[in-house]
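Please read the structure below before turning to the comments.
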Amino acid sequence: QVQLVESGGGLVQAGGSLRLSCAASGSIFRVVYLGWYRQAPGKQRELVALITSGGNTNYGDSVKGRFTISRDGAKNTVYLQMNSLNPEDTAVYYCNVRYEPAALVKSRDYWGQGTQVTVSS
């Protein structure tokens, strides 16, 4: 079993900042990457940012330059610093981990339950 504990969502005014965190634990042999996705009402889930075990990052186009993803590898924890928030960032943010449950076993995905981020204008 894998657990993802998300925290840090909430309500913020446009131009403000929030920091999300997500801690992965459980039957994880190795984390391949940790990331954040978001889904706004009526829209598809989209990548916000992800970070690999090697520290490589990938960002969605709409958040580049405003959001920063980082990690604590020892704790299997990922952080998302969100600055210059605007109402279009309003969504449920989901933590995602791709991990190997054991050596030589194919990697798999696990999703958190999501945390609401609301940006008021």
Side-chain angles (χ1 to χ4, degrees):
Q1 289 281 32
V2 172
Q3 296 83 39
L4 291 175
V5 178
E6 303 161 322
S7 62
L11 174 65
V12 65
Q13 289 188 331
S17 299
L18 282 175
R19 187 186 194 219
L20 306 182
S21 64
C22 173
S25 62
S27 302
I28 297 173
F29 173 72
R30 187 179 78 88
V31 170
V32 178
Y33 63 72
L34 283 158
W36 289 95
Y37 289 73
R38 69 185 182 185
Q39 188 167 19
K43 294 187 177 181
Q44 290 187 333
R45 190 171 296 190
E46 63 176 358
L47 170 70
V48 177
L50 64 84
I51 185 166
T52 70
S53 60
N56 294 317
T57 58
N58 188 23
Y59 291 92
D61 288 341
S62 62
V63 307
K64 287 178 181 176
R66 300 187 298 124
F67 292 9
T68 302
I69 192 167
S70 61
R71 66 184 176 90
D72 182 335
K75 298 180 180 179
N76 281 340
T77 298
V78 63
Y79 306 97
L80 184 69
Q81 179 66 43
M82 305 185 292
N83 298 328
S84 302
L85 286 160
N86 59 62
E88 289 69 39
D89 295 314
T90 295
V92 178
Y93 284 67
Y94 296 91
C95 182
N96 169 250
V97 59
R98 176 160 290 180
Y99 68 101
E100 295 172 354
L104 304 180
V105 174
K106 185 179 179 180
S107 62
R108 58 190 69 172
D109 285 311
Y110 191 82
W111 293 87
Q113 293 188 335
T115 184
Q116 177 70 45
V117 171
T118 303
V119 185
S120 63
S121 58

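Note that these values count all heavy atoms, side chains included, but never hydrogens, waters or copies made by symmetry.
When all heavy atoms are compared, the tightest approach of A23 to T77 is CB-OG1, 3.6 Å. Contact record, R71 with S53: NH2-O, 2.8 Å, taken as the closest heavy-atom pair. Between R98 and D109 the shortest heavy-atom distance is NH2-OD2, 2.8 Å. Nearest approach of L4 to G112, heavy atoms of both residues: CD1-N, 3.4 Å. When all heavy atoms are compared, the tightest approach of A91 to R38 is CB-CB, 3.9 Å.
Between the side chain of T90 and the main chain of E88, no donor-acceptor pair closer than 3.5 Å is present. Looking only at distances, a side-chain donor or acceptor of R66 sits under 3.5 Å from a matching main-chain atom of S84. No donor-acceptor pair closer than 3.5 Å links the side chain of S27 to the backbone N or O of V2.
Follow the hydrophobic side-chain contacts under 4.5 Å out from V63 and you reach W36 in the same cluster. At a threshold of 4.5 Å between side-chain heavy atoms, the hydrophobic network of Ile, Leu, Val, Met, Phe, Trp and Tyr places V12 and M82 in one connected group. Residues Y99 and L47 do not share a hydrophobic cluster, defined by chaining ILVMFWY side chains whose heavy atoms lie under 4.5 Å apart.
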Inset, instruction - Kindly indicate, with the supporting measurements, whether the criterion side-chain contact (heavy atoms from CB on, under 4.5 Å) is fulfilled by F67 and L80. - result: CA-CA 7 Å; F67 292 9; L80 184 69; 4.2 Å; yes
Inset, instruction - Please report the C-alpha distance between Y93 and Q39 in whole Å, then the side-chain angles of each, then the deciding distance to 0.1 Å, and finally whether the side-chain contact (heavy atoms from CB on, under 4.5 Å) criterion is met. - result: CA-CA 7 Å; Y93 284 67; Q39 188 167 19; over 6 Å; no
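Side-chain contact, S21 with S7: a donor N or O sits under 3.5 Å from an acceptor N or O. One side chain, T118 or Q116, offers a donor N or O that lies under 3.5 Å from an acceptor on the other. Between the side chains of R19 and S70, no donor-acceptor pair of N or O atoms lies under 3.5 Å. Between S17 and N83, the side chains place a donor N or O and an acceptor N or O closer than 3.5 Å (distance only, hydrogens not considered).
With a 4.5 Å cut-off on side-chain heavy atoms, V78 and I69 count as touching. The shortest distance between side-chain heavy atoms of Y79 and D72 falls below 4.5 Å. The closest side-chain heavy-atom distance from T57 to L50 is not below 4.5 Å. Inter-residue side-chain proximity for T52 and V32 is flagged as unmet; no heavy-atom pair is nearer than 4.5 Å.
The CD1 atom of I51 lies 8.5 Å from the CG atom of N56; values are rounded to the nearest 0.5 Å.
W111 and Y37 have their aromatic ring centers within a separation under 6.0 angstrom.
Both cation-pi conditions hold for R45 and Y94: the charged atom is under 6.0 angstrom from the six-membered ring centre and inside a 45 degree cone around its axis.
The 12-atom threshold is not exceeded at NZ of K106, counting heavy atoms of other residues, nucleotides or ligands nearer than 6.0 Å.
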